[in-house]
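Data block below; observations after.
Throughout, a chain's letter reflects where its sequence line sits, starting with A, and its residues are numbered from 1.
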Amino acid sequence: MRPREEIRAAIAAACAARGWPVEEIAVERPKDPAHGDWATPVALALARPLKRPPREIGEALVETLELDPDRYSAVEVAGPGFVNVRLSPAYLREAVARILADPAGFLHSDRLAGRSINVEFVSSNPTGPLHVGHARNAALGDAIAALYEAQGADVDREYYFNDAGRQMDILGASIHARYRQLWEPDYPFPEEGYRGAYIRDLAEEVRETEGERFRDVEPEACLEFFRRFAGERMTASIKSDLERFRVAFDRWFNESSLYADGSLEKTLEDLREAGAIYEKDDAVWLRASAYGDTEDRVLVKSTGMPTYLLPDIAYHRDKHERGYDRAVDVWGADHHSYQVRMQAALKALGYPPRWLETIIYQQVSLIEDGQEVRLSTRRNRMVTLRELMDDIGVDVTRYFLLMRKGDTHMTFDLDLAREQSEENPVYYVQYAHARIAGVFTKLERPEFDPCASEALPAPGIFARLVEDREIELMRTLEDLPDVIADAAESLEPHRLTDALETLARRFHLWYHHHRFLVEDEDLARARLALARATQRALAETLAILGVSAPESM
RNA sequence: GCCCCGGUAGCUCAGUGGACAGAGCGGCGGCCUUCUAAGCCGUUGGUCGGGGGUUCGAAUCCUCCCCGGGGCGCCA
């Protein structure tokens, strides 16, 4: 059991033994390290019902509290009545040994073992290149999926292509127009057409591969070709960008397949049976207002064509049919209003209330040369994911996008990411990892490397780790599994970037003040073991964020 | 008009109702015959947007304002 749970259980037992009325026991990390590793304010909360001073209650609680003295070195009342608990150095040293024996095993958990979770993210229309907003979506979705995996869940990463709607027709028509303009500059461009430079590139590509054979053909006769060509090229481009961004999707789901396999009809049928739809003005409506939405929504237009919502419901129904215990969608803030209607539809279908979880992330604004770069398909400014990767690399891009909580409007400062790369937190963290690797490449006694030896170092030598900065570092390592679990629970990957920076800082501090390669062999071995444990923890945590852990920099 | 997100140090942002509100960057001043100076040490910095309220206790919860961003289609 993790210390927090153990402390919580002990407090619950102590309160029960004294007959105190405690509903919920808060066990929190004190902000000030002088207040121990864990603290509980239960005595403060009990002061009123017990009509006794909180400090007195705290004293009584400490007296009754049964905690293993080998693991908990200090249990004391402090301040207005907090009960503070400190993990013993011996227990912290034991954590180092456990990390070395099995880093992933120590840092991960099996809390969600046996649960199957579908994480759907990015899901951008294949009508243009991915930009920085999609990159935030990709980084968040992938990290959330990895966090679930770190809790033992069986996770599938999925991408939904809206390849069936009118947008694809417009895309095809846009490329067709640019193609014709290669010979006739005045050829009309569609009113709502896509004007990005990539459209001209694709038109040029058609000329190279197909020649002039569509030059004198009526648009109606060749638009299907252009639509298909454009869809294939954009889809391939998106896939290749994401692969380079280190996101490995398990499934690419095409909206068009829902039209082909009768899913739309089945979905309408299910909703009809549930009494959730009706017809009005020649259209089919979802009775969303009966399931929490503010108003009813059209599913099938009076023209007989489905709205965007119907295939989306059918898609979520498909995911549910495939047996996932939970589905997570990562959406941009511009889609937040669809949460309610989607939840209404799923409620109508009879799914559990929290089956679908939607993560909303806010807009990213780019700052370059001190000015905001407005996202525009017309301009050829550096806003695409590809250009971002070319310019500052995958590691920095991912890390920067994950540093901030999803629901903050983040400012991505390109000048900082690029020009001041020495001061980048990602390098700070990676450097800690590389620094440790460097020590081991210089090591003249390879048998001192705890990872190279046949067996782990004798437990006794860890007792040599007594310096304040070593204890602090071990404390940070010991806490990491809880930070990861909390990040998974709250679906907030930014907690890991914070933890990584703290861990790296504690390491650099220790490194700067104490040498590893010292005369005293046991001390050297103990310090090398702590260094390796730190390195493993850094690598495992960076891996969750999809950021590399370099051996040298 | 209604809905969602934000407003915390010069800047970018942490802060799950608890102890004097934190970090990085920036500014200022130091440290390289040493296992990587992409590092370390010191210092500068705040009406937590504003007013009420709930609570033993509020940056955190409720309410009303102010400011910024986004969204409110038989578009996708």
Side-chain angles (χ1 to χ4, degrees), chain A residues 26 28-32 34-35 39-41 44-48 53-54 78-82 84 125 127 162 164-168 170 192 255 280-285 294-295 297-309 311-312 332-340 360-363 365 367 400 403-413 416 420-432 434-444 486 489-490 492 494-495 497-498 501-502 504-505 507-518 524 527-528 531 552-553:
Chain A
E28 58 209 27
R29 295 186 181 86
K31 277 183 285 191
D32 186 343
H35 298 142
T40 179
L44 280 74
L46 281 166
R48 178 170 282 247
F82 289 95
N84 298 334
N125 289 356
T127 52
N162 289 112
R166 210 168 64 89
Q167 297 306 314
M168 298 306 292
I170 295 172
E192 300 171 274
E255 180 192 4
K280 190 183 85 177
D281 304 334
D282 295 326
V284 179
W285 294 70
T294 52
E295 56 190 299
R297 307 289 175 180
V298 173
L299 294 178
V300 182
K301 300 183 240 179
S302 53
T303 60
M305 296 297 288
T307 61
Y308 169 83
L309 185 58
D312 218 9
D334 54 343
H335 285 78
H336 86 269
S337 59
Y338 292 90
Q339 286 179 112
V340 177
I360 301 293
Y361 66 92
Q362 301 294 324
Q363 192 185 340
S365 44
I367 302 287
F400 262 61
M403 277 196 303
R404 309 296 178 220
K405 204 168 46 175
D407 58 10
T408 64
H409 312 260
M410 73 170 286
T411 304
F412 195 120
D413 190 333
L416 189 84
Q420 305 185 347
S421 61
E422 305 90 34
E423 304 300 341
N424 263 339
V426 58
Y427 291 116
Y428 184 83
V429 172
Q430 288 181 316
Y431 179 53
R435 222 176 191 182
I436 298 167
V439 172
F440 286 94
T441 60
K442 293 241 166 73
L443 190 60
E444 288 172 3
D486 289 348
E489 180 93 25
S490 58
E492 292 180 344
H494 78 277
R495 295 178 187 228
T497 61
D498 283 355
E501 285 160 44
T502 302
R505 179 161 306 106
F507 169 75
H508 285 308
L509 238 154
W510 175 53
Y511 177 94
H512 193 261
H513 289 90
H514 303 285
R515 297 185 57 79
F516 305 158
L517 308 178
V518 290
R527 286 184 172 165
L528 288 167
S552 65
M553 292 175 71

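- Taking atom C1' on both B:G18 and B:A59, the two are 13 Å apart, rounded to the nearest angstrom.
- Ring pair A:F516/A:Y511 is perpendicular by interplanar angle, where above 60° counts as perpendicular and below 30° as parallel.
- The side chain of A:E492 sits closest to B:G15 out of B:G15, B:G70, B:C74.
- Of the nucleotides present, B:U12 is the one that pairs with B:A23 by Watson-Crick or G-U wobble criteria, both distances under 3.5 Å.
- Under the Watson-Crick or G-U wobble criterion, with both distances below 3.5 Å, B:G42 is paired with B:C28.
- Here, B:U16 and B:C72 have their C1' atoms 32 Å apart, quoted to the whole Å.
- A:A26 comes within 4.0 angstrom of no nucleic acid atom, judged by non-hydrogen atoms across all strands.
- Around the CE atom of A:M305, the shell of radius 6.0 Å holds no more than 12 heavy atoms that belong to other residues, nucleotides or ligands.
- Checked by distance alone, A:H409 brings no side-chain donor or acceptor within 3.5 Å of a matching partner on the base of B:G70.
- To the nearest 0.5 angstrom, A:M553 atom CE is 11.0 Å from A:R435 atom CZ.
- Side-chain atoms of A:H508 come within 3.5 Å of backbone N or O of A:Y428 as a donor-acceptor pair.
- Within 4.0 Å (heavy atoms only), A:D413 reaches no atom of the nucleic acid at all.
- To the nearest whole angstrom, the two C1' atoms, one in B:U54 and one in B:U12, are 34 Å apart.
- The shortest distance between the side-chain N/O atoms of A:R48 and the OP1/OP2 oxygens of B:C56 is below 4.0 Å.
- Nucleotides B:G39 and B:U34 have their C1' atoms positioned 13 Å apart, rounded to a whole Å.
- Within the 4.0 angstrom heavy-atom criterion, base atoms lie near A:A434.
- Atom NZ in A:K31 sits roughly 12 Å away from atom C1' in B:U16 (whole-Å rounding).
- Here A:S302 lies in heavy-atom contact (under 4.0 Å) with a base.
- Minimum heavy-atom separation, A:I360 to A:H336: CD1-CA, 3.9 Å.
- Using a 4.0 Å heavy-atom cutoff across all strands shown, A:F440 reaches no nucleic acid atom at all.
- At the heavy-atom level, A:M410 lies under 4.0 Å from the strands shown only through sugar-phosphate atoms.
- At a threshold of 4.0 angstrom between heavy atoms, the contacts of A:T502 with the nucleic acid are absent.
- Looking at the side chain of A:Y428, the nearest of the listed nucleotides B:C75, B:U12, B:G39 is B:G39.
- Residue A:A78 is the one, among A:A283 and A:A78, whose nearest nucleotide of RNA chain B lies closer to the 5' end (criterion: closest heavy atom).
- The two residues A:R404 and A:T408 make their nearest non-hydrogen contact at CB-OG1, 3.7 Å.
- A distance of about 31 Å separates the P atoms of B:C4 and B:G10, rounded to the whole Å.
- Pair assignment for B:C72: B:G1, on the basis of Watson-Crick or G-U wobble contacts that are both within less than 3.5 Å.
- Taking atom P in both B:A21 and B:U44, the straight-line distance is 16 Å, to the nearest Å.
- In this entry B:C48 has no Watson-Crick or G-U wobble partner, no candidate having both defining distances under 3.5 Å.
- Side chain of A:H35, nearest nucleotide from B:C4, B:C20, B:U34: B:C20.
- For A:R29, the listed nucleotide lying nearest its side chain is B:U16; candidates were B:U16, B:G70, B:G71.
- Of the listed nucleotides (B:A21, B:C56, B:C35), B:C35 has the atom at the smallest distance from the side chain of A:V439.
- Closest to the side chain of A:Q363, out of B:G70, B:G18, B:C74, is B:G70.
- The backbone N or O of A:A26 sits less than 3.5 Å from a side-chain atom of A:T40, completing a donor-acceptor pair.
- Of the side-chain N and O atoms in A:K280, none sit less than 4.0 angstrom from OP1 or OP2 of B:C74.
- Within the 4.0 Å cut-off from OP1 or OP2 of B:A14, at least one side-chain nitrogen or oxygen of A:T408 is found.
- Remark: the A:D32 side chain and the B:C20 base include a donor-acceptor N/O pair separated by less than 3.5 Å.
- Annotation: side chain of A:D281 is not in contact with side chain of A:S302 (no heavy-atom distance under 4.5 Å).
- Of the candidates B:C35, B:C41, B:C5, the closest approach to any side-chain atom of A:L509 belongs to B:C41.
- The side chain of A:R515 approaches B:C35 more closely than any other nucleotide in the set B:C35, B:C74, B:C13.
- Under 4.0 angstrom from either OP1 or OP2 of B:G24 there lies at least one side-chain N or O belonging to A:R505.
- Looking at the side chain of A:H494, the nearest of the listed nucleotides B:C5, B:C35, B:G15 is B:G15.
- Under the 90° criterion around 0 for the glycosidic angle, B:C32 counts as syn.
- Rounded to a whole angstrom, the distance from the P atom of B:C11 to that of B:G27 is 15 Å.
- A:N84 comes within 4.0 angstrom of a base, heavy atoms only.
- Closest to the side chain of A:D334, from the set B:G6, B:A19, B:G71, is B:G71.
- Within the 4.0 angstrom heavy-atom criterion, no nucleotide atom of any strand lies near A:A47.
- Remark: A:T411 is in phosphate contact with B:C13, judged by side-chain N or O atoms under 4.0 Å from OP1 or OP2.
- Residue A:H335 is classed as a base contact, given a heavy-atom separation below 4.0 Å to a base.
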Item checked: Stepwise side-chain contact (heavy atoms from CB on, under 4.5 Å) test for A:L528 and A:L517 -> CA-CA 8 Å; A:L528 288 167; A:L517 308 178; 4.2 Å; yes
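- Here A:K405 reaches the OP1 or OP2 of B:G15: one of its side-chain N or O atoms lies under 4.0 Å away.
- Using a 4.0 Å cut-off, no side-chain N or O of A:R495 falls inside it from OP1 or OP2 of B:U16.
- Straight-line distance between the C1' atoms of B:G15 and B:G52: roughly 25 Å, to the nearest whole Å.
- Place A:G438 and A:P30 on RNA chain B by their nearest nucleotides, and A:P30 ends up nearer the 5' end.
- Judged by Watson-Crick or G-U wobble contacts below 3.5 Å, the nucleotide B:G17 has no partner.
- Ring stacking holds between A:F82 and B:A19, with the centres under 5.5 Å apart and the planes within 30 degrees of each other.
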